[in-house]
Amino acid sequence: MKIEDTMRKLFAQLPEEQLPPDFNRNMMEKIRLEAVKRAKVEKLKNILGYVLGGVIMVTAAVLAFYFTGFKFQLPEFDLPDFSSLRWTFAKPDWEVLKSPSFLFSFYIGALALLLLVADSMLRRRYHKSEL
């Protein structure tokens with residue numbers, strides 16, 4: 001109790017000072033700059049998280065292929081001899097589309113497209129509910 005009374009007496013003895021007229025504006029500017037700085041740091045953390053996640057996923061896939069002995073071979077095809085190119089073109093070789101490598105690549109591409117579309121839809125729904 002004595003300490004509180006002593007503190008009140010000391011503060012009562014201090015001269016009362018007026019705040020500068022632009023105090024509110026200066027304080028709000030400082031708060032805004034701090035908010036911008038925090039937003040930049042948060043954005044940087046997100047980007048680093050995405051990059052780190054991608055690196056981890058690619059590394060895990062490469063290690064899984066390496067340790068399982070998976071052999072990935074690109075389909076072999078011959079390039080046409082352009083020196084004897086005529087006005088008519090040969091029909092495409094559709095057997096390339098049946099190769100396991102092409103089917104695997106198509107499967108991965110389809111999964112990536114599906115995830116991209118799902119992500120876009122979820123982001124639209126999430127941001128719409130935020131507004």
Side-chain angles (χ1 to χ4, degrees):
M1 193 70 153
K2 291 183 180 181
I3 296 175
E4 290 179 13
D5 291 336
T6 307
M7 293 296 285
R8 283 188 188 152
K9 288 179 185 177
L10 288 174
F11 280 120
Q13 292 175 1
L14 288 174
E16 203 172 308
E17 292 185 24
Q18 292 292 329
L19 294 174
D22 59 348
F23 175 77
N24 285 340
R25 186 173 51 98
N26 290 342
M27 187 56 65
M28 292 305 289
E29 182 66 20
K30 288 179 183 178
I31 292 171
R32 186 189 67 79
L33 290 174
E34 184 64 28
V36 168
K37 185 198 273 186
R38 285 186 184 209
K40 285 182 182 179
V41 168
E42 190 66 30
K43 187 176 181 180
L44 181 63
K45 286 181 184 177
N46 286 339
I47 290 173
L48 289 175
Y50 293 143
V51 169
L52 183 64
V55 167
I56 289 172
M57 286 190 290
V58 168
T59 303
V62 167
L63 290 175
F65 286 148
Y66 178 75
F67 287 118
T68 59
F70 181 77
K71 301 290 182 192
F72 183 76
Q73 295 177 342
L74 293 174
E76 294 182 14
F77 57 93
D78 295 327
L79 292 175
D81 183 16
F82 291 113
S83 63
S84 63
L85 188 64
R86 297 187 188 135
W87 290 102
T88 60
F89 293 98
K91 293 181 181 178
D93 181 18
W94 297 107
E95 293 299 318
V96 172
L97 299 178
K98 296 178 185 176
S99 70
S101 298
F102 177 79
L103 293 176
F104 179 73
S105 300
F106 182 78
Y107 171 72
I108 296 298
L111 281 178
L113 180 63
L114 178 70
L115 289 172
L116 182 66
V117 169
D119 178 63
S120 175
M121 291 171 63
L122 288 172
R123 284 179 190 263
R124 282 187 199 152
R125 177 179 286 171
Y126 175 71
H127 288 298
K128 195 179 284 185
S129 66
E130 252 184 12
L131 299 175

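Computed from a prediction, not measured in an experiment: that's the story for all the values here. We number each residue from 1, following the sequence as shown.
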| task | Find out if a path of hydrophobic residues (ILVMFWY) with successive side-chain heavy-atom gaps under 4.5 Å connects Phe104 to Leu111. | result | yes
| said: Going by salt bridge (charged side-chain N to carboxylate O under 4.0 Å, His left out), name the residues that satisfy it together with Glu42, two or more places apart in sequence or in a different chain. | reply: none
| field | Exam field: side chain Ser120 to backbone Leu116, donor-acceptor pair closer than 3.5 Å | value | no
| task | Taking the side chain as every heavy atom from C-beta outward, state whether Lys43 and Ile47 have any atom pair closer than 4.5 Å. | result | yes
| Residue pair Arg25 / Glu29, side-chain heavy-atom distance below 4.5 Å | no
| request: Look up atom CG in Asp119 and atom CZ in Arg124, then write down how far apart they are to the nearest 0.5 Å. | output: 10.5 Å
| task | Considering only Ile, Leu, Val, Met, Phe, Trp and Tyr, and joining two whenever side-chain heavy atoms are under 4.5 Å apart, list the other residues clustered with Ile31. | result | Leu19, Phe23, Met27, Met28
Sequence neighbours excluded and cut-off under 3.5 Å, please list the side-chain donor-acceptor pairs for residues 57-69, or say none.
{"from": "Thr59", "atom 1": "OG1", "to": "Val55", "atom 2": "O", "distance (Å)": "2.7"}
{"from": "Thr68", "atom 1": "OG1", "to": "Ala64", "atom 2": "O", "distance (Å)": "2.7"}
{"from": "Thr68", "atom 1": "OG1", "to": "Phe65", "atom 2": "O", "distance (Å)": "3.4"}

| task | Would you check, one step at a time, whether the test side-chain contact (heavy atoms from CB on, under 4.5 Å) holds for Glu34 with Lys30? | result | CA-CA 6 Å; Glu34 184 64 28; Lys30 288 179 183 178; over 6 Å; no
| said: Counting only heavy atoms from other residues, nucleotides and ligands, does the tally under 6.0 Å from CZ of Phe106 exceed 12? | reply: no
| query | Is the number of heavy atoms from other residues, nucleotides or ligands within 6.0 Å of CD (Glu76) greater than 12? | reply | no
